[in-house]
Structure formats: structure tokens, C-alpha cells
Protein chains: 2
Amino acid sequence: MGLAIIAAMSPIGKTQPTGTAGLRDSVLGRDLSFLLARANALTLAAANAALAQHGLKARSYSVLALAADDVRPTQRELAEFLRLDPSQVVALVDELEKRQLVERRTDPADRRANVLVVTDTGRALFARAQESAHAVELGLLAAVTPQDHERLAELLRLLAFPT
Amino acid sequence: MGLAIIAAMSPIGKTQPTGTAGLRDSVLGRDLSFLLARANALTLAAANAALAQHGLKARSYSVLALAADDVRPTQRELAEFLRLDPSQVVALVDELEKRQLVERRTDPADRRANVLVVTDTGRALFARAQESAHAVELGLLAAVTPQDHERLAELLRLLAFPT
DNA sequence: ATCAATAATTGACATTTTCAACGGTCCGTG
DNA sequence: CACGGACCGTTGAAAATGTCAATTATTGAT
């Protein structure tokens, strides 16, 4: 009881939280969902900043990346993979197609569906954008060893693609 | 040369990508930023669904959590920690205060600033909400061992709070 | 041949994000 | 002490995103 009271008293060892530093030790600061959200927010902001010089955002970059791979994804697959509403994919593809970076091809196997194909200029732009994105990622991962980088990716994959 | 051509040909070992499965092996599917974004999207959706029964979302839950800790954060600190615009914090606190879950106290040390304090009903609601959130998190982490859970949190912390 | 289900598209609506401006307060300097 | 620049919370508006229902064209099963 006496101990409990002492434990509940003002933190003695803790430095006075001048800024936001004190909040990191809070319950929320240990919550995985929160850490995920904050890490994502920072990463996304950095990525968008880096991609801006190529006229891209994380979203359009992602679509371009999947087109540049030769997976020939349909718009529905893009929507599901990127967790976007199909109507958002329409807008993204519209823009990329207007810039001649990708093309819609109606899927011969299912004429309802459009398959995305990258153009030469699209591939070239993607190559440059990928470099920028990669550079930024390296910066963000400065505090993480390459092994931990791989471990992190593996763990995130479990969360991103549940069974 | 012959080998290269074979390697570049249609994937033989790969199963025909019926759905979105094929995209996971793409360049983007290995990108850390993307995995982070997707993991966060799924986690956030699950959290919001679970918190809805308490009339909360991830945002309001976070604010309530920080108030329930006895950190007495100012709104500016909340904004910085949660990466929100100060005006968004105003709206969040407005709503929580209207529901009598938290109170604004002007900081005696700086009369410009408001410090957030939880009420008794706020603390009670948070306790219940936290249980829901925790249950959901356990579900999402089903495929992750407790050790890896801790490792993941540690790595995310590096990204979420650089230097 | 018909009919339910699905892909893409459009348009409307809600939510979230981002910014600029403003009153009140703090603090260092003259 | 008074001034001036910086900061906190607040408001309101504009831009960007997210969500949803309805429509057309096509598919696949019966």
C-alpha cells in the first residue's frame, strides 16, 4: 500500500516534459496502432515531398509502380491492393493516362476490365521517381540496420496481408 | 543468354494470379512505405470499427487516452504528437468536452495554453474502449509472436520518433 | 435466352486536410 | 515599464480524400 502510493506519486526520475517528449511514455505511446499510424504519417509525408518533383504523390506513384511491373493489373485489383475505392482508381488512372505514363487496355479475357500498361515515358519517369523514393527511405531507415529493415518488412507483411 | 531469355519469359512456377495475389510479389509489394501504409489502413479500419460502439474513432480515442494518462498535455502538444493541425485538435476536444469526457483547464504556467484533463466518466469510457482496442489488436497480431510484437513496436518507434 | 453478378464510370455527399487570419498571452529588449 | 515579435487556441474557408448509390457493358451460369 505504501509502495503503491509512492509509485503513484509524481515521477521523480522523469525529466519535466518540456515539449511532446513526455507523451512518448504514455499508454498511447506504447500502442502499436498508434506507432504504426505515426510512422506511416511521417513516411508518407517524406515520400510525397520527394515525389513532388516528379509530379507524383504516393498514390500515383503506387499505381505507376504496379503498371511498370508487368503484372498487368486490372483497376479492380489496384483498388483492392491499394485499399482504394474503384472510383478513386479511375481518377488516378485518368491523370496518369493524360500524362501518357500508362495506358488502359481492355482485358481480352474479360472485356469489362481494363488492364494497366506502362508506356516508355512512364517507365522512365518511374525509374527516376523510384530513385528519389529509395533515397528518402534510406534516410528514414538511418537508425535501422539492414537486417532489422528486412525483419520489419517481414512483420509488416503479416499485418498488411493477413492469411 | 539462353538462360536470361528463359528467366524473362512467362513465369512457369508462379501460379496464375487469379486475384490480387500476384501483386504482392511486385516491386511495390516489397516497398516498406507501402507495407506500412497498408498495415496502417487495415489496423485503422479495424480499430475504428471496434471503437464505434463507444462512440469513438481512432482520433478521439487517442486524445482521450492522452488525457486519461495524467500527462496534462496542452492542445499544441496533442497536435504535434498526433500529427494533426491545431484546428483539428480544437474540434476533437470540443466533441469530447461536450460529452463530458474531458475538460479544458487553462495552464496556470501559461495562460495561452489549455491543458486536457479527463473526467471520471471519461476515464471509465476509456477503460472500456481500451479493452475493445486491445482485443482487436490481439486479433490483428495473431500471426505474430509476443517477442516479434515487441520487436515490431521497437522498430516502429524508431520510425515514428526519429532521433 | 435470360438473369444475377461484376468492372468501370459518374456524380453527389461527407469527412479530413490545409491555410490564413485573429485575439489573447508570453517574454526579451530597449 | 512598454514595445514588439512569437506563440496558443480558435474560427472559417478552400482543397483534397473518402464513401456511396446508380448506370452501362459484359460475363458466366442456368
Side-chain angles (χ1 to χ4, degrees), chain A residues 17-20 37-38 40-42 44-45 47-49 51-52 55-63 67 72-98 102-117, chain B residues 17-20 23 37-38 40-42 44-45 47-49 51-52 55-63 66-67 72-98 102-117:
Chain A
T18 55
T20 176
R38 199 180 147 104
N40 178 54
L42 291 176
L44 187 64
N48 277 332
L51 291 171
L56 295 173
K57 303 188 186 180
R59 287 289 165 76
S60 33
Y61 174 80
S62 299
V63 172
R72 302 177 74 86
T74 68
Q75 295 184 202
R76 199 210 106 254
E77 288 168 340
L78 289 177
E80 190 176 338
F81 195 63
L82 301 175
R83 300 219 87 222
L84 297 174
D85 190 89
S87 61
Q88 294 180 277
V89 175
V90 170
L92 284 168
V93 174
D94 275 353
E95 191 222 321
L96 291 179
E97 198 170 33
K98 201 163 299 170
V102 303
E103 281 176 15
R104 282 183 240 240
R105 299 264 175 88
T106 79
D107 185 348
D110 182 347
R111 306 220 320 287
R112 290 171 299 182
N114 292 335
V115 146
L116 266 216
V117 178
Chain B
T18 56
T20 175
L23 303 189
R38 190 172 218 268
N40 178 53
L42 291 176
L44 187 64
N48 277 332
L51 291 172
L56 295 173
K57 302 186 187 182
R59 288 288 166 75
S60 34
Y61 173 81
S62 299
V63 173
L66 291 169
R72 302 177 74 85
T74 69
Q75 295 184 200
R76 199 209 109 256
E77 288 169 340
L78 289 177
E80 190 176 339
F81 195 64
L82 302 175
R83 301 217 89 226
L84 297 174
D85 189 270
S87 62
Q88 295 180 276
V89 175
V90 169
L92 284 168
V93 174
D94 276 353
E95 191 222 323
L96 291 178
E97 197 170 33
K98 201 163 298 171
V102 304
E103 280 175 15
R104 281 184 241 240
R105 300 265 174 87
T106 78
D107 185 350
D110 181 348
R111 305 217 323 285
R112 290 171 298 180
N114 292 335
V115 145
L116 266 216
V117 178

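Lettering of chains follows the sequences in order, A, B, ..., and the numbering in each one begins at 1.
Considering only side-chain N and O atoms, A/Lys57 lies nowhere under 4.0 angstrom from the phosphate OP1 or OP2 of D/dA16. Contact annotation: B/Gln88 side-chain N/O to C/dT18 OP1/OP2 distance is not under 4.0 Å.
A/Asp94 meets the salt bridge (Lys or Arg N to Asp or Glu O under 4.0 Å) test with A/Arg104; sequence neighbours excluded. Scored by the side-chain contact (heavy atoms from CB on, under 4.5 Å) test, B/Ala67 finds B/Val102, B/Leu116, B/Val118 as partners (sequence neighbours excluded). Scanning for ring pair (Phe, Tyr, Trp, His ring centres under 6.0 Å) contacts around B/Phe81 gives A/Phe34, B/Phe161, with sequence neighbours left out. Listed by chain and residue number, B/Asp110 satisfy the salt bridge (Lys or Arg N to Asp or Glu O under 4.0 Å) test with B/Arg112 (two or more places apart in sequence, or in another chain). Shown here are the side-chain contact (heavy atoms from CB on, under 4.5 Å) partners of A/Ser62, two or more places apart in sequence or in another chain: A/Leu82, B/Leu28. Here A/Arg105 pairs with A/Glu103 under the salt bridge (Lys or Arg N to Asp or Glu O under 4.0 Å) rule; sequence neighbours left out.
Between B/Arg59 atom CZ and D/dG18 atom P the separation is 12 Å, expressed in whole Å. Atoms CD (B/Glu95) and P (C/dT16) sit 10 Å apart, rounded to a whole Å. Look at CG on A/Leu92: it is 14 Å from C1' on C/dA8, rounded to the nearest Å. Taking atom CG of residue B/Leu44 and atom P of nucleotide D/dG18, one finds them 11 Å apart after rounding to whole Å.
Helical stems of DNA chain D (runs of at least 3 Watson-Crick or G-U pairs, donor-acceptor distances under 3.5 Å) are listed by first residue: C:1-30 with D:1-30.
Residues A/Leu96 and A/Ser60 approach most closely at CD1-O, 3.8 Å, considering heavy atoms.
Residue pairs meeting the salt bridge (charged side-chain N to carboxylate O under 4.0 Å, His left out) criterion with at least one member in residues 80-93 of chain B, sequence neighbours excluded: B/Arg76-B/Glu80.
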Using the 3.5 Å cut-off, write out each protein N or O paired with an N or O of nucleotides 6-10 of chain D and the distance between them.
unit_1, atom_1, unit_2, atom_2, d
D/dC7, O2, B/Arg112, NH1, 2.7
D/dC8, OP1, B/Arg76, NE, 3.3
D/dG9, OP1, B/Gln75, N, 3.0
D/dG9, OP1, B/Asn114, N, 3.1
D/dG9, OP1, B/Asn114, O, 3.4
D/dG9, OP2, B/Arg76, N, 2.6
D/dG9, O3', B/Asn114, ND2, 3.2
D/dT10, OP1, B/Arg104, NH1, 2.9
D/dT10, OP1, B/Asn114, ND2, 3.4
D/dT10, OP2, B/Gln75, OE1, 3.0
D/dT10, OP2, B/Gln75, NE2, 2.6
D/dT10, OP2, B/Arg104, NH1, 2.6

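Remark on DNA chain D: of its neighbouring residues A/Arg83 and A/Asp107, the 5'-side contact belongs to A/Arg83, judged by nearest-heavy-atom nucleotide.
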